[in-house]
Protein chains: 2
Amino acid sequence: MNLPPLVQTFVLHFGEMGSRWGVNRTVGQIYALLFVAPEPLNADDIVEALGVSRSNVSMGLKELQAWSLVRLRHKPGDRRDYFAAPEDIWVIVRTLIEERKKREIDPTLSLLRETLMERPESEFERHAQERMREMHDLIDMLTDWYADVRAIETERLVQLMKLGSKISRVLDFRERLGFSIKRDGSQIPSPDNEEGSR
Amino acid sequence: MNLPPLVQTFVLHFGEMGSRWGVNRTVGQIYALLFVAPEPLNADDIVEALGVSRSNVSMGLKELQAWSLVRLRHKPGDRRDYFAAPEDIWVIVRTLIEERKKREIDPTLSLLRETLMERPESEFERHAQERMREMHDLIDMLTDWYADVRAIETERLVQLMKLGSKISRVLDFRERLGFSIKRDGSQIPSPDNEEGSR
DNA sequence: CCGATATTTCAGAAATAACTGAAAACTCGG
DNA sequence: CCGAGTTTTCAGTTATTTCTGAAATATCGG
């Protein structure tokens, strides 16, 4: 590996972190490299930078594409594929969350739904099913919330996050004005349209 | 493994999922079992239920304790250790998030902070550092937000999540009333104390 | 302090995952 | 449709992780 010290530190770190993130070391290193690179890199650039085999890079890039984490680029008069991480880091974060949800959450939610259809045959099963119901309902609520949040544009999302826990005062406020909290929105005068509220 | 079908399905699923969650199969299975079990289990119960070696269970339980995901219990007149998952599933979720943050986010944040102190020696390093700065600032904001959210009690958190994206209307509202958005709260009349606002 | 019971440690075996080199497959310009 | 350049596939090797059995350590009632 032949990289400037700063970059090397970063790349090695992401290699090690990779395993905690469900990808192997090479994939982590490739992505770290693409992330900091000032322009798209081709597979041979990566081979040279990281000192791993060509086939390993090929597989790593394939995996990063499966995660939708890289963009394919081309240079005129050059047949090779060039790869780049999205310029906008928020795009990366959103993609990561989306993909991890798909891999780590959704399969469990499906399994829970199926399992909750079954009829318990024993007291143990009955209790187990009750616990699974709790888990299902919680994950269900979280994914609904996530679907809502995902739809908020980044700038607005940042503003909201910067409010931090102060956001929770909106509850006191709504309560004081006699808002009821309903998810479908049918009966909820929001702060935007209070006219129906008091 | 000798468990009722419903429970077996659940346990096997968590075993497979375990690898995507940074723990091995046995650890995933043990936790699934403890989660649905109607009462605390000792190590031999687990050995019997899962059909793995005693030492494997011992190591698995140790890891779950390192994650703070299990509670140690004792029965009168019985020297063995009994283990249980927290009754309140929200406690489990909060612990998981906390621990994953500790393992997956915090080390990267530290590394970024250190790396950003260094002086870039080339154009490549300069650009790389710029990207690292973006990453650092984003993670920093997210962890600040998380620290705020973590402090909100569960019931209130659930209410907020159920508002979904409607929560974002609070921004329009504040803006219309001429609120500025500042993190320290010094100059921000919240919806609770509007008197200083116009 | 003894012996019975319970838990942990750890070296080696087994299983799994990552990586490589060589060959196959694909893709263009000519 | 040929062939040079490029990417992908995959069988075999290497590295890593997980799991086990045996031994060591710890704990407790008597």
Side-chain angles (χ1 to χ4, degrees), chain A residues 1 11-34 40-67 70-84 103-104, chain B residues 1 11-34 40-67 70-84 103-104:
Chain A
M1 185 181 301
V11 165
L12 291 177
H13 173 82
F14 270 76
E16 315 230 318
M17 251 19 210
S19 36
R20 303 194 180 177
W21 272 79
V23 298
N24 65 41
R25 188 179 40 199
T26 307
V27 171
Q29 291 184 354
I30 293 175
Y31 204 63
L33 183 61
L34 291 178
L41 303 179
N42 65 45
D44 285 324
D45 295 336
I46 298 169
V47 166
E48 192 183 4
L50 303 183
V52 296
S53 74
R54 183 58 234 278
S55 50
N56 197 1
V57 168
S58 178
M59 291 187 297
L61 287 168
K62 215 174 85 179
E63 176 151 11
L64 287 171
Q65 285 177 289
W67 279 78
V70 291
R71 305 221 176 297
L72 191 53
R73 289 289 156 70
H74 284 102
K75 301 199 175 186
D78 186 339
R79 281 170 51 195
R80 290 170 296 178
D81 293 337
Y82 284 75
F83 298 87
R103 285 153 216 252
E104 298 176 4
Chain B
M1 186 180 303
V11 164
L12 290 177
H13 174 82
F14 270 76
E16 314 230 319
M17 250 20 207
S19 35
R20 301 192 182 179
W21 273 78
V23 299
N24 65 43
R25 188 178 40 196
T26 307
V27 171
Q29 291 185 354
I30 292 175
Y31 205 63
L33 182 61
L34 291 178
L41 303 178
N42 65 46
D44 285 323
D45 294 336
I46 299 170
V47 166
E48 192 183 5
L50 303 183
V52 297
S53 73
R54 182 57 233 276
S55 50
N56 198 0
V57 169
S58 176
M59 291 187 298
L61 287 169
K62 215 173 85 178
E63 176 151 10
L64 287 171
Q65 285 177 291
W67 279 78
V70 291
R71 305 219 176 298
L72 190 53
R73 289 289 155 70
H74 284 101
K75 301 197 174 188
D78 186 340
R79 280 169 52 195
R80 289 171 295 179
D81 293 338
Y82 284 78
F83 298 88
R103 285 151 215 253
E104 298 175 4

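So you know, we letter chains A, B, ... as the sequences are listed, proteins then strands, and number each from 1.
Distance CZ (B:Arg80) to P (C:dT7): 8 Å, rounded to an integer number of Å. Rounded to whole Å, atom P of D:dT8 lies 14 Å from atom CD of A:Glu63. The CD atom of B:Glu16 sits 15 Å away from the C1' atom of D:dT18 (whole-angstrom rounding). Rounded to an integer number of Å, the gap from OH of A:Tyr82 to P of D:dG5 is 15 Å. For the pair A:Phe83 CZ and D:dT6 C1', the computed distance is 11 Å after rounding to whole Å. A straight line from NZ of B:Lys75 to C1' of C:dA6 spans 16 Å, rounded to a whole angstrom. Residue A:Arg20 contributes atom CZ, which lies 15 Å from atom C1' of D:dT17 at whole-angstrom precision. In this structure, the CG atom of A:Leu61 is 16 Å from the C1' atom of C:dA18, given to the nearest Å.
Residues B:Trp67 and B:Val23 meet the side-chain proximity criterion, which asks for heavy atoms closer than 4.5 Å. Using a 4.5 Å cut-off on side-chain heavy atoms (C-beta onward), A:Leu33 and A:Phe14 make no contact. The shortest side-chain heavy-atom distance between A:Leu12 and A:Met1 falls under the 4.5 Å cut-off. By the 4.5 Å heavy-atom criterion applied to side chains, B:Asp81 and B:Leu61 are not counted as neighbours. Taking 4.5 Å as the limit, every side-chain heavy atom of B:Leu50 sits out of range of all side-chain heavy atoms of B:Val57.
Proximity of B:Asn42 to the phosphate of C:dA6: no side-chain N or O atom is located under 4.0 Å from OP1 or OP2. At D:dG21, none of the side-chain N or O atoms of B:Ser53 fall inside 4.0 Å of OP1 or OP2 (strictly under the cut-off). For B:Arg54, a side-chain nitrogen or oxygen approaches OP1 or OP2 of C:dT7 to under 4.0 Å.
A:Arg79 comes within contact range of at least one nucleobase, with a heavy-atom separation under 4.0 Å. Among the heavy atoms of the strands lying under 4.0 Å from A:Arg25 are primed sugar atoms or P, OP1, OP2 only; no base atom is included. Nucleic acid contact for A:Asp81: sugar-phosphate only, since backbone atoms but no base atoms lie under 4.0 Å from a heavy atom of the residue. Among the protein residues, A:Asn56 comes within range of the nucleic acid bases, having at least one heavy atom under 4.0 Å from a base atom.
Using a distance-only test at 3.5 Å, with no hydrogens or angles considered, no donor-acceptor pair links the side chain of A:Arg73 to the main chain of A:Ala84. Checking side-chain atoms of A:Arg20 against main-chain N and O of B:Arg103 turns up a donor-acceptor pair under 3.5 Å.
Toward the 5′ end of DNA chain D lies the nearest nucleotide of A:Lys62, the other residue of the pair B:Val52 and A:Lys62 mapping further downstream. Residues A:Met59 and A:Ser19 each lie close to DNA chain D; by heavy-atom proximity, the contact nearer the 5' end of the strand is made by A:Met59.
With a 6.0 Å radius and a threshold of 12 heavy atoms from other residues, nucleotides or ligands, A:Lys62 has its NZ atom at or below the threshold.
Residue A:Ser55 places a side-chain atom within donor-acceptor reach of the base of C:dG21, judged by atom type and a 3.5 Å distance cut-off alone.
Rounded to 10 degrees, the angle between the two end axes of the helix from C:dC1-D:dG30 to C:dG30-D:dC1 is 30°, with five pairs used at each end.
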